[in-house]
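Take a look at the structure set out below.
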Amino acid sequence: MLAPMAETIFGKILRGEIPADIVHEDDQCIAFRDVNPQAPVHVLVIPRKEIVNIADATPEDAALLGHMLNVCTKVAEAEGIKDSGFRIVLNNGEDGGQTVDHLHFHVLGGRAMTWPPG
Ligand code: AMP
């Protein structure tokens, strides 16, 4: 049997144990504003299912991941940055810069992004 996923701050947000500025909710995922925004719009989209990161996702998660990407676009539209452009970021593991062990897409926009990322 797999060990249960370690408790994360996002699990607490999902269970309503700590507050978040939620901008989207459905049966598969929620989206809320990042507490430390890196752009005028910075929203995190997370699955209700406990998946540590993209490296831990399985082929069975494909539909969920696709749905989450569609939600990223919906969030961008609702935030008024769909047409100006936006960036979706997914950090994986230590070198990827992941600090919370619950899969999440960052939706960033409202300013011009630079490349390459740091
Ligand atoms: P990452 O570094 O890709 O794992 O991203 C984690 C993100 O979660 C960071 O951008 C943090 O600012 C954000 N974060 C951490 N705690 C909270 C919280 N309680 N509410 C909203 N965002 C958070």
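Counting begins at 1 with the first residue of the sequence. Every value quoted in this text rests on a predicted model; they were computed, and no experiment measured them. Remember, it's 1-based here, ligands and their atoms both numbered in the order they're listed.
With respect to Phe86, the side chain to side chain contact (heavy atoms under 4.5 Å, CB included) criterion is satisfied by exactly one of Val43, Thr73, Val41: Thr73.
Sorted by chain and number, the heavy-atom contacts of ligand 1 below 4.0 Å come from Ile9, Phe10, Ile13, Phe32, Arg33, Asp34, Val35, Asn36, Leu44, Asn91, Gly97, Gln98, Thr99, Val100, His104, His106.
Residue Asp83 places its CG atom among 12 or fewer non-hydrogen atoms of other residues, nucleotides or ligands, all under 6.0 Å distant.
Shown here for Gln98 and Gly93, the closest heavy-atom pair between the two residues is OE1-N, 2.8 Å. Closest non-hydrogen pair, Gly109 versus Ala39, comes out as O-CB, 3.5 Å. Taking both residues in full, the closest heavy atoms of Gly110 and Ile81 are given as N-CG2, 3.7 Å, listed atom of the first, atom of the second, then distance.
Using cut-offs of 30° and 60° on the angle between ring planes, the pair His102 and Phe10 is perpendicular.
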